[in-house]
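The structure under discussion appears below in the form of structure tokens.
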Amino acid sequence: MTGTDARRDIAARGAGETAGGAPAVWSRDFALFFTARAVARLGDTMLPVALAAGLLEHGYGAGAVGLAMASTAAAFAGLVVFGGVVADRFSTRRLMIGADLVRLGTQSLAAGLFFTGQVVLWQICAIGFVNGVAGAVFQPGVASTVPRLAADVQGANGAIRVAESAAQLAGPAVAGVLVGLASPGGVFAAHATTYALSALCLLLLRLPPLPAGPRAAAGSATRAFRADLVDGWREFRSRTWLWGVIAVWCLYMIAVWGPTVPLVATEVVRHHGPGAYGLVNSALGVGTVIGGLLALRLRPRRMLRAGALSLFAFFGFPAAVGAGLGLSAMAAGAALAGAGMSFWGVMWATTVQTQVPADVLNRIHAYDVAGSLAMMPVGQALAGPAAGALGAGHVLLAAGAVSLLVAVILLAVPPIRDLARADAAAPAVS
């Protein structure tokens with residue numbers, strides 16, 4: 001039995017199948033995991049509002065807000081690969097519960113600091129760093145948990161994507177209400193509660209055992225850890241479609257997503273006001289929900305090819321803003337971009353989870369996350385100087401053009417374009 005067959009067998013036993021023999025998504029255990037992911041995502045989207053409102057209220061500027069956010073991102077990006085090795089050696093469920101409990105404690109501490117007015121920037125950054133470490137331990141286990149809970153891995157990823165997108169729409173609004181009714185400390189308390197709920201759902205979760213696979217490396221802890229890390233890298237680079245996508249995604253993060261996020265924000269706010277930016281952001285969120293719903297229904301035989309085609313839709317987002325089009329055109333471009341990115345995300349996650357052996361999946365996912373995120377800060381850092389030299393509009397138009405180039409490159413690489421799906425049989429849609 002192959003690793004893919006074993007995962008499908010586990011999921012089929014744990015989740016069952018529909019009466020017609022089609023793989024099932026919903027079960028008690030998947031519902032618990034789905035709820036854990038949805039509430040945690042809701043809390044995470046509330047955090048930027050809480051940090052901005054709280055630090056500004058205590059006399060800090062935008063630079064301090066960025067530093068607090070960067071402390072979390074840096075710890076996560078720097079340590080997630082090591083988190084993947086840990087997740088492959090120990091119980092992923094226990095690690096995720098532990099990470100949630102750590103963040104319950106840190107966010108409760110942050111709430112106390114803001115409630116009492118004893119807000120010191122280095123303390124907030126230290127809390128953010130610990131949160132990033134906890135996230136680096138938590139995230140790799142997500143990849144291996146989905147195929148253990150649902151026979152229909154694509155459907156499960158689509159459902160989670162829709163829930164996370166809806167949470168991303170609701171989170172900032174909920175945070176704004178809480179700041180108005182209570183204080184930034186109230187948002188941190190609510191954020192801590194979401195981690196408590198996530199930990200409770202994961203505690204109630206029953207994960208089927210992993211299929212038998214190669215044992216983790218033996219020897220001293222340091223030597224075994226290093227061997228597992230090297231083995232994960234070997235597995236990663238042995239799959240051309242995997243490292244090929246990550247390499248292309250580095251270009252995407254530097255030249256497309258990295259500059260698009262800050263420059264769209266500044267251009268829309270400067271020319272149309274903050275309300276218009278909120279509308280564009282909402283359109284982006286609605287698009288991600290639509291993309292997730294499409295991924296629930298469409299079952300392409302070559303998922304990466306279909307996902308790459310969907311990425312062509314991103315062009316309209318930076319191009320509409322860069323060309324100075326009206327608000328309706330920018331919102332439409334944002335909605336299309338969100339749908340394309342969301343559909344790609346489900347196709348990519350499902351491909352990784354079904355093509356990679358279960359015993360190395362956490363490590364592979366960690367390399368995937370680290371590679372995907374590594375270049376985003378570079379793109380964000382270069383956005384300002386590039387806009388100063390060329391003009392923000394020209395940089396955004398260039399980002400749109402590179403987004404088309406990225407999709408073309410993905411389609412031009414045969415191991416990416418022609419990779420056939422490895423999970424349950426799907427209609428013959430290429």
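In summary, the aromatic rings of W344 and W249 are positioned with their centroids under 6.0 Å apart. Taking the six-membered ring for Trp, F129 and F76 have ring centres at least 6.0 Å apart.
Sorted by first and then second residue, the pairs that involve residues 239-252 and meet salt bridge (charged side-chain N to carboxylate O under 4.0 Å, His left out), not counting sequence neighbours, are E235-R239.
Summarising the local packing, CZ of R28 is surrounded by more than 12 heavy atoms from other residues, nucleotides or ligands at distances under 6.0 Å. Heavy atoms of other residues, nucleotides or ligands lying less than 6.0 angstrom from NE2 of H271 number more than 12.
Contact of the H272 side chain with the M330 side chain is registered, since non-hydrogen atoms from C-beta on lie closer than 4.5 Å. At least one side-chain heavy atom of D29 sits under 4.5 Å from a side-chain heavy atom of L32. Residues V280 and L327 meet the side-chain proximity criterion, which asks for heavy atoms closer than 4.5 Å.
When the salt bridge (Lys or Arg N to Asp or Glu O under 4.0 Å) test is applied to R161, no partner is found at least two apart in sequence or on another chain.
Remark: R148 is not positioned above the aromatic ring of F33, lacking an NZ or CZ atom under 6.0 angstrom from the ring centre and at most 45 degrees off the axis.
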Please step through side chain to side chain contact (heavy atoms under 4.5 Å, CB included) for the pair F317 and L336, ending with a clear verdict.
CA-CA 8 Å; F317 184 31; L336 286 172; over 6 Å; no
Worked check of ring pair (Phe, Tyr, Trp, His ring centres under 6.0 Å) between Y195 and F138
CA-CA 12 Å; Y195 286 126; F138 184 101; 8.2 Å; no
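Side-chain atoms of Q355 and R421 include no donor-acceptor pair closer than 3.5 Å.
In this structure a side-chain-to-backbone donor-acceptor pair under 3.5 Å is missing from S342 to G338.
Between D44 and R37 no salt bridge is recorded (no basic side-chain N to carboxylate O distance below 4.0 Å).
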